[in-house]
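Whatever order the structure lists ligands and atoms in, that order sets their numbers, starting from 1. Below, all heavy atoms of this structure are taken into account, side chains as well, without hydrogens, waters or symmetry copies.
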Amino acid sequence: MSSNLDTLYRQVIMDHYKNPRNRGLMENGDITVNLNNPTCGDTIQLQMKIENGIVVDSKFVGEGCSISMSSASMMTQAIKGKNLIDAMKLSDIFSGLMQGIEPNDEIDLGDIEALQGVCKFPARIKCATLAWKAMEKALKEQMPEEKTS
Ligand code: FES
């Protein structure tokens with residue numbers, strides 16, 4: 001990765017960390033999931049509101065490093081307006097990204113792309129995936145068995 005791109009990605013991550021999107025509590029959420037990162041004890045609480053199979057709102061609160069909190073900010077931003085299957089697919093793509101798998105060119109990851117360098121730092125992967133694991137857990141509670149397998 002060029003150092004310019006590296007710098008840009010770092011700026012995007014810090015912007016989400018310092019100005020988190022969708023941080024806060026929701027009064028009328030349909031699902032609430034709490035999860036922690038077992039390696040450091042940092043936590044996230046994710047809330048989602050689902051209407052007609054679409055994620056209409058998603059918010060989070062938590063304690064964690066810049067990677068985990070910026071990832072939560074990006075994730076909540078990215079899944080809004082998506083149906084549950086597409087939200088789950090995005091989570092699979094993100095999981096691949098964390099294993100160094102390049103996403104299909106046709107997929108526009110937006111700010112999420114800034115986290116792709118995390119795959120080079122195995123100790124931080126659990127930070128980046130914390131919010132996504134919380135989202136998967138929440139969606140699995142909402143989706144019929146056969147659609148999640
Ligand atoms: Fe705890 Fe990153 S160090 S989530």
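Listed for the S68 side chain is no donor-acceptor partner under 3.5 Å among the backbone atoms of C127. Although no hydrogens or angles enter the test, the distance criterion places a donor-acceptor pair under 3.5 Å between the side chain of S70 and the main chain of S66.
Counting only residues at least two apart or on different chains, the ring-ring contact (aromatic ring centres under 6.0 Å, His included) pairs with a member in residues 89-120 are F94-W132.
A donor and an acceptor atom, one from each side chain of E63 and T43, are nowhere located under 3.5 Å apart.
Between R21 and D15 there is a salt bridge, since a side-chain N of the basic residue sits under 4.0 Å from a carboxylate O of the acidic one.
When all heavy atoms of I13 and A114 are compared, the pair lying nearest together is CD1-O, 3.4 Å.
Protein residues with a heavy atom closer than 4.0 Å to ligand 1 are N37, C40, D42, C65, S68, C127, listed by chain and number.
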